[in-house]
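Before any comments, here is the structure.
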Amino acid sequence: MDIARKDLGETNDLGAIDALLGVKGSRLIDIGCASGAQDRELVARGASVLGVEPDPIQAEKNRKAEPVPGLSFIEARAQALPAESGSADGVFFFRSLHHVPVDRMDAALKEAARVLKPGGFLWIVEPSMTGTHFPVMRPFHDETAVRTAAQAALARTAPGLFERAEYFLYTQHPRYPDFEAFVSRITGNTFNDIKRDQVETDEVRALVEKGRTAQGVYAFEQPIMLNLYRG
């Protein structure tokens, strides 16, 4: 499943969007939106966004968040989107496809294609299993199987749904001021069940220590794979 990818260099998700898309005036759906931080930035760029979040705890937080004109949230799953066929200009998966149950990944991709207008785009970001960040995470949160399954679903299903595909790579550098910050960041999500005692081990401490910089902070490399499909 090796794919030749154009390297966008070091950037974040929004930097990649700004380089490749114009979203002003677009109706967008973000599947697995978490707290909707990216969605607020997309709205600030002139888009209207529906954030879809399957985790009931996070979905409830989203419902109670301060309203933002142009941004709405709903609790739903990727394989059953609450949107009319042909109603969206673009659909995003920001590191969320591999969180869809493996036997529902193909259905999620087909559902994304269903809600897109003719000529609409599907933007899928998935973390690569290369770089120095993945080995730090693997002892307590090994996503090898689900990330591999996500790439297999894309290779199997996307060509039959979209006429064009472009493949990109960009690099991010997760940083933590200390080990406690790393633990807090990893255990602070409601969509997984990572416990502190799983992270606070000698093995993980040693792996994190490898990322210590001359400035005393911990920095890692995380390559990001981007697949951009258009109908």
Side-chain angles (χ1 to χ4, degrees), residues 1-5 7-13 16 31-35 37-38 53-55 57-58 77-78 92-106 108-109 123-156 158 167-227:
M1 289 188 290
D2 290 339
I3 296 173
R5 295 178 179 273
D7 193 349
L8 300 177
E10 183 175 356
T11 189
N12 56 24
D13 297 336
I31 301 175
C33 66
S35 65
Q38 304 277 39
E53 176 54 47
D55 173 50
I57 298 175
Q58 183 60 59
R77 298 191 175 277
F92 291 94
F93 283 81
F94 290 109
R95 299 169 189 75
S96 54
L97 181 60
H98 70 272
H99 289 294
V100 175
V102 171
D103 63 351
R104 298 290 186 269
M105 288 180 179
D106 296 81
L109 294 173
W123 177 283
I124 297 190
V125 165
E126 281 287 300
S128 170
M129 291 181 285
T130 59
T132 58
H133 196 251
F134 182 68
V136 176
M137 300 286 291
R138 188 159 46 191
F140 57 87
H141 192 54
D142 190 351
E143 292 188 324
T144 301
V146 292
R147 294 191 193 182
T148 300
Q151 294 304 312
L154 287 168
R156 181 173 58 243
Y167 305 100
F168 302 91
L169 185 75
Y170 55 98
T171 304
Q172 297 180 334
H173 290 92
R175 293 176 179 271
Y176 310 93
D178 50 36
F179 184 74
E180 174 57 30
F182 172 78
V183 175
S184 297
R185 172 65 182 85
I186 298 305
T187 58
N189 301 306
T190 60
F191 57 79
N192 58 40
D193 192 31
I194 301 174
K195 307 298 185 185
R196 291 186 69 93
D197 60 0
Q198 296 175 266
V199 185
E200 293 178 323
T201 67
D202 291 342
E203 179 185 12
V204 175
R205 285 181 182 274
L207 289 168
V208 171
E209 189 62 29
K210 291 181 179 180
R212 182 190 288 270
T213 67
Q215 293 74 36
V217 300
Y218 299 89
F220 303 91
E221 181 184 75
Q222 177 58 73
I224 302 294
M225 299 180 293
L226 164 62
N227 290 20

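Note that these values count all heavy atoms, side chains included, but never hydrogens, waters or copies made by symmetry.
By the 4.5 Å heavy-atom criterion applied to side chains, Arg95 and Ile224 are counted as neighbours. Two residues are said to be in side-chain contact when any heavy atoms from C-beta on lie closer than 4.5 Å; Val136 and Lys210 fail this criterion. Side-chain atoms of Ile186 and His141, non-hydrogen and from C-beta on, never get closer than 4.5 Å to each other. Side-chain atoms of Met225 and Gln151, non-hydrogen and from C-beta on, do get closer than 4.5 Å to each other. For the pair Leu97 and Leu109, the minimum side-chain heavy-atom distance is below 4.5 Å. Residues Val125 and Phe92 form no side-chain contact, since every pair of their non-hydrogen atoms from C-beta on lies 4.5 Å or further apart. Between Gln172 and Pro127, every side-chain heavy-atom pair lies at or beyond the 4.5 Å cut-off. Contact check for Val208 versus Phe220: side-chain heavy atoms found under the 4.5 Å cut-off.
Here the closest heavy-atom approach between residue Val100 and residue Ala108 is recorded as CG1-CB, 4.2 Å. Between Leu207 and Pro139 the shortest heavy-atom distance is CD1-CG, 3.6 Å. Of all heavy-atom pairs spanning Ala150 and Glu126, the tightest one is CB-OE1, 3.9 Å. When all heavy atoms are compared, the tightest approach of Gly32 to Pro54 is CA-CD, 4.2 Å.
Between the CZ atom of Phe140 and the OG1 atom of Thr201 there is a distance of 8.5 Å, given to the nearest 0.5 Å. Atom NE2 of residue His98 and atom OG1 of residue Thr144 lie 11.0 Å apart, to the nearest 0.5 angstrom. Remark: Ile124 CD1 to Leu226 CG distance equals 9.5 Å, nearest 0.5 Å. Atom CD1 of Ile3 sits about 8.0 Å away from atom CG of Leu154, to the nearest 0.5 Å. Here the OH-CD distance, from Tyr170 to Gln222, works out to 10.5 Å after rounding to the nearest 0.5 Å. The CD atom of Glu10 sits 5.0 Å away from the NE2 atom of His173 when rounded to the nearest 0.5 Å.
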- Before giving the answer on side chain to side chain contact (heavy atoms under 4.5 Å, CB included), spell out for Asn227 and Arg5 the whole-Å C-alpha distance, their side-chain angles and the decisive distance to 0.1 Å. CA-CA 9 Å; Asn227 290 20; Arg5 295 178 179 273; 2.9 Å; yes
- Go through the steps to decide whether Glu209 and Tyr218 satisfy the test side chain to side chain contact (heavy atoms under 4.5 Å, CB included), and finish with yes or no. CA-CA 7 Å; Glu209 189 62 29; Tyr218 299 89; 3.1 Å; yes
- Asp142 and Phe134: side chain to side chain contact (heavy atoms under 4.5 Å, CB included), yes or no, with the steps? CA-CA 8 Å; Asp142 190 351; Phe134 182 68; 4.1 Å; yes
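Salt-bridge annotation for Glu180 and Arg196: present, with a side-chain N of the basic residue lying under 4.0 Å from a carboxylate O of the acidic one. Using a 4.0 Å cut-off between a side-chain N of Lys or Arg and a carboxylate O of Asp or Glu, Asp193 and Lys195 qualify as a salt bridge.
Applying the 6.0 Å contact sphere to CG of Asp7 captures more than 12 heavy atoms from other residues, nucleotides or ligands. Residue Arg77 places its CZ atom among 12 or fewer non-hydrogen atoms of other residues, nucleotides or ligands, all under 6.0 Å distant. Counted within 6.0 Å of CZ on Arg185, heavy atoms from surrounding residues, nucleotides or ligands total 12 or fewer; the atom is thus considered open. Enclosure of atom CZ in Arg205 by more than 12 non-hydrogen atoms of other residues, nucleotides or ligands within 6.0 angstrom is indicated.
Listed by chain and residue number, His99 satisfy the ring-ring contact (aromatic ring centres under 6.0 Å, His included) test with Phe191 (two or more places apart in sequence, or in another chain).
In this structure, Glu53 contributes its side chain and Ala34 its backbone to a donor-acceptor pair below 3.5 Å. Between the side chain of Glu221 and the backbone N or O of His133 there is no donor-acceptor pair closer than 3.5 Å. Under a 3.5 Å cut-off, the side chain of Asp55 and the backbone N or O of Gln58 do form a donor-acceptor pair.
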